[in-house]
Structures are given as structure tokens and as C-alpha cells.
Amino acid sequence: MTSFEDHFSSTAATYAAFRPSYPPALVDFLASISPAQNVALDCGCGTGQLSVPLARRFARVIATDASAAQIENATPDPRVEYRVVPAEASGLDGASVDLIAVAQAAHWLDLDRFYAEARRVGRPDAALALVSYGVVHVDGVDDVVQHFYRDVIGPYWPAERAHVDAGYRTLPFPFTEIAAPPLAIELTWSLANFLGYVSTWSAVKEARKMLSNAPLDAFAHELSKAWGEPDRRRAIRWPLAIRATRLTAP
């Protein structure tokens with residue numbers, strides 16, 4: 001990509017309300033491969049789903065996003081500084097950051113420029129990590145969810161979504177990789193929580209342009225029949241994919 005494609009500003013408040021945060025085990029892994037825990041840079045931060053958890057282990061977190069609407073809706077934290085800037089041009093001093101992370105956003109970036117920026121701002125042996133979460137799975141009703149994801153709104157996903165489905169293995173990553181442990185985001189949600197999350201999908205937004213709310217309404221009806229009591233909390237799981245490295249001097 002050579003320009004910012006904004007798929008999420010118009011739903012930033014919903015994104016903040018319903019997108020899941022990342023688990024402590026991910027933050028612990030990222031801290032363990034960083035040379036120190038002074039400064040973390042969270043690029044493409046959205047509304048802070050990784051930024052705030054990173055503040056548990058890093059003294060300072062700089063969280064950046066090219067979307068002003070996302071930053072306006074970000075979760076405040078005294079150790080997180082939000083900035084409206086692109087990942088490819090952070091404006092930070094050189095050799096000033098212990099960790100550069102991108103969560104669920106690397107497929108939108110100009111990676112050549114981003115990797116150059118990561119090398120510039122990273123201190124010696126700084127950690128770099130691309131993180132994504134794959135297709136969601138819902139206990140007891142997963143067949144309904146997968147049918148909607150792949151068959152109903154599949155044609156409306158942007159082309160970049162294929163990189164997420166592939167666990168970012170289709171993205172260039174010209175580094176010696178560090179093996180990451182198997183991790184997942186695991187939550188329990190009511191029907192309303194889950195449907196709120198689905199409403200943030202870029203494919204749902206695109207389908208609405210063509211078909212109004214018909215696909216989501218039909219899915220909500222079918223899912224509610226399978227779900228049972230709306231307040232029943234079902235286990236939700238997103239497997240994490242992590243590509244990580246330590247940046248060495250050129």
C-alpha cells in the first residue's frame with residue numbers, strides 16, 4: 001500500500017466498544033523479547049486494544065494511528081500517549097524504542113517503509129512484532145458464524161484480509177524470526193456483545209453499502225435461534241498469529 005485506506009473511522013466508537021483486547025500472555029512474550037521495558041511503540045493502534053495492555057509491562061507506550069477518529073475513541077491510560085501519525089513515519093527519535101508492535105494492522109501498511117522506520121526508531125536489539133488474530137470461533141454456534149464469515153460476506157472482505165486469514169505468513173518479513181508460543185484471545189460474550197463485534201467488520205460495512213442491513217439482520221436472526229437465551233455467555237476464541245524478531249544493526 002502507498003496510501004492510507006481508512007476502513008474504520010466511521011465506526012470508531014463501535015470499534016472501541018466491541019473489539020477485543022489482547023491477553024496478558026502476549027504482552028509478557030513481547031516484553032520478554034525486548035531489550036528493556038522502557039518504551040513500546042504500538043503502530044496502527046486503533047482504539048488501544050494492545051496499547052493499554054502493553055502499559056502493564058512498559059513504562060511508556062506511544063500509540064499511533066493514521067485515523068484521528070480511532071485516536072479520539074481510544075481508551076485512556078496514564079502511561080499511553082496517543083498520536084495521529086502513520087506507522088511509516090512516527091516522528092520519534094532514532095534508537096529510542098524497545099518494542100515496535102503492530103496488532104491487526106500490518107496488512108494495511110506500506111511494509112518497506114514501515115520496516116525502515118522500525119529499524120530507525122528501534123534501539124539495538126529492539127523487538128519487532130506483527131500480531132494478528134484469525135477467524136473467530138464461538139462455542140456451540142460456530143457453524144452459523146463460519147457460514148456468515150466465509151459464504152455470506154466473504155466477497156465483501158478487502159483483498160488484504162487474506163493476509164489475516166493466513167496468519168500474516170503471506171506478508172514479507174525479511175528477518176530472523178523468534179518462535180512465539182501458541183496464544184489466543186479468549187472471552188465469554190453474550191449475543192449482543194458478539195453481534196456488536198461483527199458489526200465492526202470491514203466486510204459488513206461494505207456489504208451494507210450494497211445490501212443495506214439485510215445480511216447482518218439475517219445473520220442475527222439465525223444466530224439468535226442457535227444461541228439460545230440472549231444473555232447466555234458463550235466462549236469466544238481468536239487464535240493469535242505472531243511474527244517476531246529482534247532488529248540488528250544493518
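Both backbone and side-chain heavy atoms feed into the values below; hydrogens, waters and symmetry mates do not.
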Are any side-chain N or O atoms of Asp125 and backbone N or O atoms of Pro35, one a donor and one an acceptor, separated by less than 3.5 Å?
no
For Thr14, is there any backbone N or O sitting under 3.5 Å from a side-chain donor or acceptor partner on Thr200?
no
Those residues that, when tested against Tyr82, pass ring pair (Phe, Tyr, Trp, His ring centres under 6.0 Å) (two or more places apart)
none
So, using side chain to side chain donor-acceptor pair (under 3.5 Å) as the criterion, who are the partners of [X] when residues are at least two apart?
X      : result
Arg246 : none
Asp151 : His147
Ser90  : Glu117
Asp77  : none

Pairs in or reaching into residues 176-195: which pass salt bridge (charged side-chain N to carboxylate O under 4.0 Å, His left out), with residues at least two apart or in two chains?
Arg169-Glu177, Glu177-Arg243, Glu186-Arg237
Residue pairs, two or more places apart or on separate chains, that pass salt bridge (charged side-chain N to carboxylate O under 4.0 Å, His left out) and touch residues 97-108:
Asp98-Arg123
Hey, can you pull the donor-acceptor pairs under 3.5 Å for the side chains in residues 217-232, sequence neighbours left out?
{"residue": "Ser224", "atom": "OG", "partner": "Ala220", "partner atom": "O", "Å": "3.2"}
{"residue": "Ser224", "atom": "OG", "partner": "His221", "partner atom": "O", "Å": "2.7"}
{"residue": "Trp227", "atom": "NE1", "partner": "Arg232", "partner atom": "O", "Å": "2.8"}

Please verify the inter-ring angle class for [X] with [Y]; under 30° counts as parallel, over 60° as perpendicular, anything in between as tilted.
X      : Y      : answer
Trp157 : Tyr149 : tilted
Phe173 : Phe175 : perpendicular
Trp238 : Tyr133 : perpendicular

Passes side-chain contact (heavy atoms from CB on, under 4.5 Å), Arg234 versus Thr188? Steps please.
CA-CA 5 Å; Arg234 289 186 177 271; Thr188 58; over 6 Å; no
Residues in side-chain contact (heavy atoms from CB on, under 4.5 Å) with [X], at least two apart?
X      : value
Pro24  : Arg56
Pro174 : Tyr115, Arg119
Ser190 : Ala192, Asn193

Once side-chain hydrogen bond (donor to acceptor under 3.5 Å, both in side chains) is applied, what residue pairs with a partner in residues 29-45 remain, sequence neighbours excluded?
Asp42-Ser51
